[in-house]
2 protein chains.
Amino acid sequence: MTDPNESYVLDEQVGFLLRLAYQRHMALFMERMTGGLTPTQFSTLYRLREASEPLSQNALGRLVGMDAATTKGVVSRLLARDLIHVEKDGEDRRRYTLFITDTGCHLLDAVLPDVIGSSEATLARLTSTERDQLLQLLKRLI
Amino acid sequence: MTDPNESYVLDEQVGFLLRLAYQRHMALFMERMTGGLTPTQFSTLYRLREASEPLSQNALGRLVGMDAATTKGVVSRLLARDLIHVEKDGEDRRRYTLFITDTGCHLLDAVLPDVIGSSEATLARLTSTERDQLLQLLKRLI
DNA sequence: GAAACATCGTTTGTATGCAAATGAATTTCT
DNA sequence: AGAAATTCATTTGCATACAAACGATGTTTC
């Protein structure tokens, strides 16, 4: 018989561990980030640069896993820093098309070492094999 | 030579994957949760019940991985629903000691199946071995 | 062509989360 | 005992996040 008081152990729950792991990563990220970008802002800017086609605001948000309301705030902050700029779509008058600016491009290049360092720091306790394992397992959760 | 355009792949970064994985878990959690508790509120309440000794607000927060500011809000919401109650500490006049109420206890019991179901749903695509692997790897990150 | 539906961007409200500052109380150091 | 440091709870400001509603615009259907 298992002890009913121990049948549910919080420290063994995926959700609890995922929250703490992401929290720790964010701390390491912000520690190293010299360019004043949050993880979400960095991801958004990076996705915009690597996009092969012009992206609307919502489309970009979807590529980063943000809903429209969250995207709005992130894009506003990137706009305020001149890291991206906006053009009205001629075909669809609801749409804004987003572009990364030179400033944004240079910032991405400048902070990439910080970002890579934060991933490295997060995974520091794992071997190379374990890192691959973890990434593969996380991808299967999504 | 690796393509410099592919040397940093967003979809292979721990931080990005952790964020999406936790996001997905939260969605599955809230879908199943019948008691109106968020993952953080549930964890906080559960930790309070399982605690072997009386806990101050900050001490409880630390056990759940929240800072004092976040804890304040979570505790307020649990108080507002009568899931916990507070007593002034006689020895340390800065301190509030927190206790779970009967209502809180019953709610925990009632929603435990929801919570277990959400963990199960999050891990659904993994085998039993892979689940263990993932949990162990996540613990090493923290 | 008109109605029904979907999408775009926005706004409001709520809930984590962190940083930084505060005042009050306690502990530690000297 | 008194000064210094720490801890407790709180507050403010900022940045994700989601839900739900909104008006404006597009698309589909009939």
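Order of the sequence lines sets the chain letters (A, B, ...), proteins ahead of strands, with each chain counted from 1. What you see below is based on every heavy atom in this structure, not just the backbone, and it leaves out hydrogens, waters and symmetry mates.
Note: CE (A:Met33) to C1' (C:dC18) measures 16 Å, nearest angstrom. Atom CD of B:Gln57 and atom P of D:dT7 are 17 Å apart (whole Å). Atom C1' of nucleotide D:dA15 and atom CE of A:Met66 are separated by 12 Å, given to the nearest angstrom. Rounded to an integer number of Å, the gap from CG of B:Leu60 to P of D:dC8 is 13 Å. Rounded to an integer number of Å, the gap from A:His25 NE2 to D:dT16 P is 13 Å. Distance OH (A:Tyr96) to C1' (C:dT10): 9 Å, rounded to an integer number of Å. A straight line from CZ of A:Arg24 to P of C:dG17 spans 17 Å, rounded to a whole angstrom. Across the protein-nucleic acid pair, B:Lys88 atom NZ and D:dC8 atom P stand 14 Å apart, rounded to whole Å.
Salt-bridge check for B:Asp67 with B:Lys72: failed, with every basic side-chain N at 4.0 Å or more from each acidic carboxylate O. Using a 4.0 Å cut-off between charged nitrogen and carboxylate oxygen, A:Arg125 and A:Glu130 do not count as a salt-bridge pair.
In this structure, the nucleotide among C:dT26, D:dT12, C:dG17 sitting nearest to the side chain of B:Thr70 is C:dG17. When distances are taken from the side chain of A:Ala69 to each of C:dA25, D:dA20, C:dG9, the shortest belongs to D:dA20. Of the listed nucleotides (C:dC8, C:dA19, C:dT26), C:dC8 has the atom at the smallest distance from the side chain of A:Arg95. For B:Arg93, counting side-chain heavy atoms from C-beta on, the closest listed nucleotide (D:dA15, C:dT26, C:dT10) is C:dT26.
Contact check, B:Arg77 against C:dA15: a side-chain N or O comes under 4.0 Å of OP1 or OP2. OP1 or OP2 of D:dC8 sits under 4.0 Å from a side-chain N or O of B:Arg62. One finds no side-chain N or O of A:Thr38 lying less than 4.0 angstrom from the OP1 or OP2 phosphate oxygen of D:dA15. Within the 4.0 Å cut-off from OP1 or OP2 of C:dT16, not a single side-chain nitrogen or oxygen of A:Gln23 is found. Note on A:Lys72: a side-chain N or O is less than 4.0 Å away from OP1 or OP2 of C:dT10.
Among the atoms of the strands shown, only primed sugar atoms or phosphate atoms (P, OP1, OP2) are found under 4.0 Å from some heavy atom of A:Thr40. Within the 4.0 angstrom heavy-atom criterion, base atoms lie near B:Asp67. Here B:Asn58 lies in heavy-atom contact (under 4.0 Å) with a base. In this structure, B:Thr71 reaches neither bases nor backbone, as no heavy-atom distance under 4.0 Å exists between it and the strands shown.
Between B:Phe42 and A:Tyr8, the ring-plane angle classifies as perpendicular under the 30° and 60° cut-offs.
Positionally, the nearest nucleotide of DNA chain C for B:Tyr22 lies more toward the 5' end than for the other of B:Tyr22 and B:Glu91.
In this structure, the helix from C:dG1-D:dC30 to C:dT30-D:dA1 shows an angle of 30° between the axis at its start and the axis at its end, each fitted on 5 base pairs and rounded to 10°.
Between the side chain of B:Thr101 and the main chain of B:Asp82, a donor-acceptor pair closer than 3.5 Å is present. A donor-acceptor pair is defined here as one N or O able to donate and one able to accept, closer than 3.5 Å; no such pair exists between the side chain of A:Thr70 and the backbone of A:Met66. At least one donor-acceptor pair closer than 3.5 Å links the side chain of A:Asp114 to the backbone N or O of A:Thr34. Under the 3.5 Å distance criterion, the side-chain polar atoms of A:His106 are matched with a main-chain donor or acceptor of A:Asp102.
For A:Arg94 against C:dT7, a side-chain-to-base donor-acceptor contact under 3.5 Å is present.
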> Does the side-chain contact (heavy atoms from CB on, under 4.5 Å) test come out yes or no for B:Tyr22 and A:Gln23, once each step is laid out?
Replying inline: CA-CA 11 Å; B:Tyr22 182 57; A:Gln23 234 171 61; over 6 Å; no
